[in-house]
Amino acid sequence: MPHITVLDQSTINKIAAGEVIERPSSVVKELLENAIDAQATAVTVEIRDGGISYIRVTDNGCGIPKEEVPLAFLRHSTSKIKSVEDLFTVSSLGFRGEALSSIASVAQVELITKTSEQLSGTRYQIEGGVERSYEEVGAPDGTTFLVRNLFYNTPARQKFLKTAQTEGSHVAALVEKIAMSHPDISIRFIQNNQNRLHTSGNHNLKDIIYTVFGREIAANLLPVESEQEVLQVHGFAGKPVIARSNRSFENYYINGRYVKSGLIGKAIEDAYKPYMMQHKYPFVLLHISIEPEYLDVNVHPTKMELRFRNGEQVYQMLFQAISQALSHKELIPQVDLVKREEEKALEEARRERLIRSHLR
Ligand code: ADP
Ligand code: MG
């Protein structure tokens, strides 16, 4: 019989890290969300080698005070919640205090950060959960994270990584999603020294759609606006001409967070049903705001599935908002309608002629 042993902290952290950090895009997600939580207005994400060997996230947010830097890397350290009750009202993005400790336990991390109150910045290095350096440096206000050689100490996880190209495209897709969720933040993405995306941060959703999806999509949008007490919707619904054969163009954000929800997906697709061929899916980019007490987002740290307290009401409001946007414009069924009217008129004329010929 093998002996029962208690796992050491570094092993526990590595196992826990597996739940939060699966691949480079999970690192980028956590670091970007932290930057957003830190009130940054401009964030740069840079990756090399699909993010496997190098990830940099630089923000101009509030920074971390020198004395708090090592704390940020402890498991369950967070400045965002104090108790379980807070979980139900918190509107910031990350709030489990697990990301940095997880990342630091499976990669080589360097942090340079400075708050506006402090005169000099802090440089901190941590590898595989072990502190390597902690010193003062000159730095601009804000925070830079460098994450090198992901899973260098966990070969079993490294084996599950795909090619640099595939990992890089996961990161790119994630950065685009986050850019679309935050039109108020200028987001730059650099991949292998090439600029891939740069949003202006000017609040204009249509500009972002143009930047991410191109002209054809941006030219075929109908505005969606709806303000109700519990729920506000703001964004764009694509005309049916830009429909796709999969759901990858159904983008929606709840309280700034990219989520998946069967209920929301259904409300969108049901609203499109009269205008859409079968197996076609619309383009939408919707920002939905809802009172936090109607939501349960904290079901799982990485799952984006969402639960509602009053689902039926949410469905109805969303369905109506989109239906209204779609019915304002000349769409396919109205073209059909015109055709049917014309056909009816022709048919009537024919009947008329027939009757007359009989009368004669
Ligand atoms: P959480 O985001 O759930 O609080 P993290 O492990 O992601 O946990 O981060 C721990 C803490 O480190 C945060 O609560 C925050 O105080 C600080 N922090 C992390 N990233 C940044 C950043 N880019 N700017 C300022 N503070 C940060
Ligand atoms: Mg976080």
Candidate pair Asp184 and Thr41, rule side-chain contact (heavy atoms from CB on, under 4.5 Å), full reasoning: CA-CA 7 Å; Asp184 51 334; Thr41 56; over 6 Å; no
Residues clustering with Tyr210 (ILVMFWY side chains joined when closer than 4.5 Å, directly or via others): none
Residues which pass salt bridge (Lys or Arg N to Asp or Glu O under 4.0 Å) with Lys273, listed by chain and number, not counting sequence neighbours: Asp270
Pairwise ring pair (Phe, Tyr, Trp, His ring centres under 6.0 Å) hits with a residue in residues 223-255, at least two apart: Phe213-Phe249, Phe249-Phe283, Tyr253-Tyr258, Tyr253-His287
Exercise: identify the closest heavy-atom pair between Ala107 and Val147: CB-CG1, 3.7 Å
Residue pairs, two or more places apart or on separate chains, that pass ring pair (Phe, Tyr, Trp, His ring centres under 6.0 Å) and touch residues 20-70: none
Backbone of Ser105 reached by a side-chain donor or acceptor of Asn153 within 3.5 Å: yes
Any pair counted as side chain to side chain donor-acceptor pair (under 3.5 Å), so long as it reaches residues 134-148, sequence neighbours left out: Thr58-Thr144, Glu110-Arg148, Thr113-Thr143, Lys114-Asp141, Ser120-Glu136, Arg123-Glu135
Side chain Asn60, main chain Ala42, donor-acceptor under 3.5 Å: yes
Under the salt bridge (Lys or Arg N to Asp or Glu O under 4.0 Å) test, residues paired with Arg247 that sit two or more places apart: Glu269
Where at least one partner belongs to residues 207-226, residue pairs that pass salt bridge (charged side-chain N to carboxylate O under 4.0 Å, His left out), sequence neighbours excluded: none
side-chain contact (heavy atoms from CB on, under 4.5 Å) between Ile64 and Tyr124, worked out: CA-CA 11 Å; Ile64 308 173; Tyr124 188 78; over 6 Å; no
Face-on cation placement of Arg309 at Tyr294 ring, 6.0 Å and 45° thresholds: yes
Under the salt bridge (Lys or Arg N to Asp or Glu O under 4.0 Å) test, residues paired with Glu127 that sit two or more places apart: Arg132
Sequence-distant partners of Ser226, side chain to side chain contact (heavy atoms under 4.5 Å, CB included), two or more places apart: Gln228, Val233, Ala321
Transitive ILVMFWY side-chain link Val20 to Leu174, under 4.5 Å: yes
Heavy-atom closest pair, residues Met276 and Pro240: SD-CB, 4.1 Å
Nearest non-hydrogen partners of Lys206 and Ala218, listed with the distance: CE-O, 3.6 Å
For Arg188, all residues meeting salt bridge (Lys or Arg N to Asp or Glu O under 4.0 Å), sequence neighbours excluded: none
From CG (Leu318) to OG (Ser261), nearest 0.5 Å: 9.0 Å
Within 6.0 Å of CD in Glu67, more than 12 heavy atoms from elsewhere: yes
Minimum heavy-atom distance between Ala104 and Val109, given as atom pair plus value: CA-CG2, 3.8 Å
Side chain to side chain contact (heavy atoms under 4.5 Å, CB included) partners for Ser200, two or more places apart: Asn202
Residue pairs fulfilling salt bridge (charged side-chain N to carboxylate O under 4.0 Å, His left out) with at least one residue in residues 156-183, sequence neighbours excluded: Arg23-Glu167
